[in-house]
Amino acid sequence: MKLKIAVLAGDGIGPEIMEQGVAVMSAVARKFGHDVEYREAICGAHAIDVVGDPFPEETFKTCMESDAVLFAAVGDPKYDNDPASKVRPEQGLLAMRKKLGLYANIRPIETFDCLVHKSPLKDEIVSGADFICIRELTGGMYFGPKKEEQDEAFDTNLYSRAEVERILRVGYKYALARKKHLTVVDKANVLASSRLWRRVAMEIMKEYPEVTTDFMFVDNASMRMIQEPRFFDVIVTENTFGDILTDEASCITGSMGLLPSASTGEHTPVFEPVHGSWPQGKGLNIANPLAQILSVAMLYEYFGLNEEGKLIRQAVQASLDANVRTPEIQAEGGAKYGTREVGAWIVDYILR
Ligand code: IPM
Ligand code: MN
């Protein structure tokens with residue numbers, strides 16, 4: 001297959017993990033005879049420094065002309081500590097989601113047996129947890145009408161029926177391919193927007209009788225997720241709840257550095273780690289490249305190249321088993337491995 005990939009490395013540890021992501025992508029392409037063409041483009045704080053815009057038109061164009069975007073991370077502390085700054089790196093990420101129409105953010109939560117002890121939760125709770133959080137990504141409070149004045153501010157959690165319906169259908173598609181259990185997470189006991197979600201879901205669910213649909217308030221869901229994560233198969237929820245719940249869910253796997261994601265919708269899909277730019281880790285060769293590498297697996301799978309995805313997952317599992325791990329998940333003893341060494345080991349495994 002011929003693939004044009006836009007490469008958006010962004011800020012902080014972004015370029016380092018991206019280097020490994022691209023190396024793995026290329027190794028798999030070589031092994032399976034795919035022709036991958038990369039086009040680098042700037043975004044985030046780096047793009048603000050260069051052109052004053054965290055998602056420049058040129059980058060948008062590159063994304064639109066590509067088959068997929070491989071994205072790493074954006075963010076820089078110099079903006080976090082300055083609430084007055086007019087332009088922020090995160091706006092670039094939001095602009096990309098909106099302009100590419102990426103309404104469905106797929107965040108799989110899987111556990112690796114050899115890492116369950118890294119989770120702050122008890123092994124017997126975490127072991128075997130395997131679910132997907134489908135987060136609506138272009139609506140709700142992130143994008144609704146806002147006001148920000150000196151003494152008053154608001155965000156609006158605006159959703160239309162059409163927006164709710166299309167994301168629910170994505171949820172059902174995944175549920176049908178998995179354990180056929182869909183949990184709609186909302187706050188319908190308080191929020192009007194959530195009651196719309198629930199009304200639409202109660203209509204749509206009739207079209208999917210094979211799937212067990214249940215409804216859970218977000219406060220309850222956040223508790224259930226750490227009490228009994230195996231309860232979940234597919235979660236569908238609005239933008240803000242999905243943002244919060246997926247950070248919480250990352251604790252189940254033991255490291256944020258393990259979670260990949262796919263964002264799909266109207267235009268070019270984007271594949272990116274769930275974690276951020278971790279500026280403190282920048283340049284130290286300690287960032288875990290696995291979330292980026294697993295995002296490459298999701299990219300291949302998106303195009304139906306399942307064997308390619310499987311090989312990447314196998315290689316990742318093998319690296320963990322061999323204790324070829326970055327410091328935050330390394331088992332006691334053994335040689336030390338950094339971002340580059342883990343990436344290189346996985347590339348070798350793939351080309352073996
Ligand atoms: C995420 C991030 C972003 C979000 C930030 C960086 C804007 O936390 O992808 O989860 O809130 O969506
Ligand atoms: Mn988040």
Side-chain angles (χ1 to χ4, degrees), residues 8-14 17-18 21 43-48 53-55 59 63 69-83 85-109 131-144 146 148 155-159 163 167 185 218 221-222 225 235-253 255-265 269-282 287-288 291-292 294-295 298:
L8 276 59
D11 307 320
I13 56 166
I17 56 171
M18 182 60 88
C43 64
H46 175 214
I48 299 177
D53 179 348
F55 190 61
T59 298
C63 292
V69 177
L70 195 57
F71 186 95
V74 294
D76 190 295
K78 78 179 173 208
Y79 298 95
D80 295 346
N81 303 327
D82 178 12
S85 77
K86 290 247 165 346
V87 53
R88 309 168 58 80
E90 289 78 7
Q91 287 166 348
L93 184 56
L94 299 182
M96 178 177 76
R97 290 171 179 172
K98 197 68 178 178
K99 290 174 92 168
L100 295 178
L102 303 172
Y103 59 83
N105 181 218
I106 317 297
R107 296 186 165 182
I109 314 295
F131 61 93
I132 292 194
C133 189
I134 297 178
R135 168 187 176 194
E136 200 292 327
L137 204 58
T138 52
M141 270 198 277
Y142 275 63
F143 296 99
K146 290 175 193 295
E148 193 164 355
D155 304 282
T156 314
N157 203 30
L158 179 64
Y159 269 107
E163 284 174 309
I167 192 71
V185 172
V218 63
S222 70
M225 193 177 277
I235 291 177
V236 182
T237 192
E238 59 154 271
N239 204 344
T240 307
F241 298 161
D243 178 44
I244 299 167
L245 287 177
T246 51
D247 259 38
E248 187 191 5
S250 76
C251 291
I252 295 169
T253 46
S255 168
M256 259 226 141
L258 296 170
L259 292 189
S261 80
S263 301
T264 65
V270 174
F271 301 85
E272 59 168 313
V274 169
H275 63 72
S277 61
W278 196 31
Q280 304 82 349
K282 178 182 174 172
N288 192 338
Q292 187 77 60
L294 290 167
S295 298
M298 288 186 85

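One-based numbering, in listed order, for ligands and for the atoms of each. The first residue of the sequence shown is numbered 1, and numbering continues consecutively from there.
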Practice task
Establish, for the pair Lys99 and Phe55, whether the NZ or CZ atom is under 6.0 angstrom from the six-membered ring centre and no further than 45 degrees off its axis.
Solution key: no

Practice task
Would you check if the side chain of Asp155 reaches a backbone N or O of Lys146 as a donor-acceptor pair within less than 3.5 Å?
Solution key: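 No; zero donor-acceptor contacts below 3.5 Å.
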
Problem - Expected output: side-chain Ser255 to main-chain Gly257 donor-acceptor under 3.5 Å - result: yes

Check each heavy atom of [X] against ligand 1 and say whether those closer than 4.0 Å belong to the side chain, the backbone, both or neither.
X      : result
Glu272 : neither
Arg107 : side chain
Arg97  : side chain

Where is the nearest protein heavy atom to [atom]: which residue, which atom, and how far?
atom                   : result
atom 2 (C) of ligand 1 : Asp243 OD1, 4.0 Å
atom 4 (C) of ligand 1 : Tyr142 OH, 3.4 Å
atom 6 (C) of ligand 1 : Glu90 CG, 3.7 Å

Heavy-atom pair of closest approach, residues [X] and [Y]:
X      : Y      : value
Tyr159 : Asn239 : OH-N, 3.1 Å
Met225 : Ala249 : SD-CB, 3.7 Å
Pro269 : Leu102 : CA-CD2, 4.1 Å

Exercise for the section: Measure from the Mn ion (ligand 2) to each N, O or S atom of Asp243 and report whether any distance is below 2.8 Å. Expected result: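 Checking Asp243: at least one N, O or S atom is under 2.8 Å.
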
Practice task
Indicate yes or no: does an N/O atom of Arg135 lie under 3.5 Å from an N/O atom of ligand 1?
Solution key: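 Looking only at distances, the answer is yes, because the N/O contact criterion of under 3.5 Å is met.
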
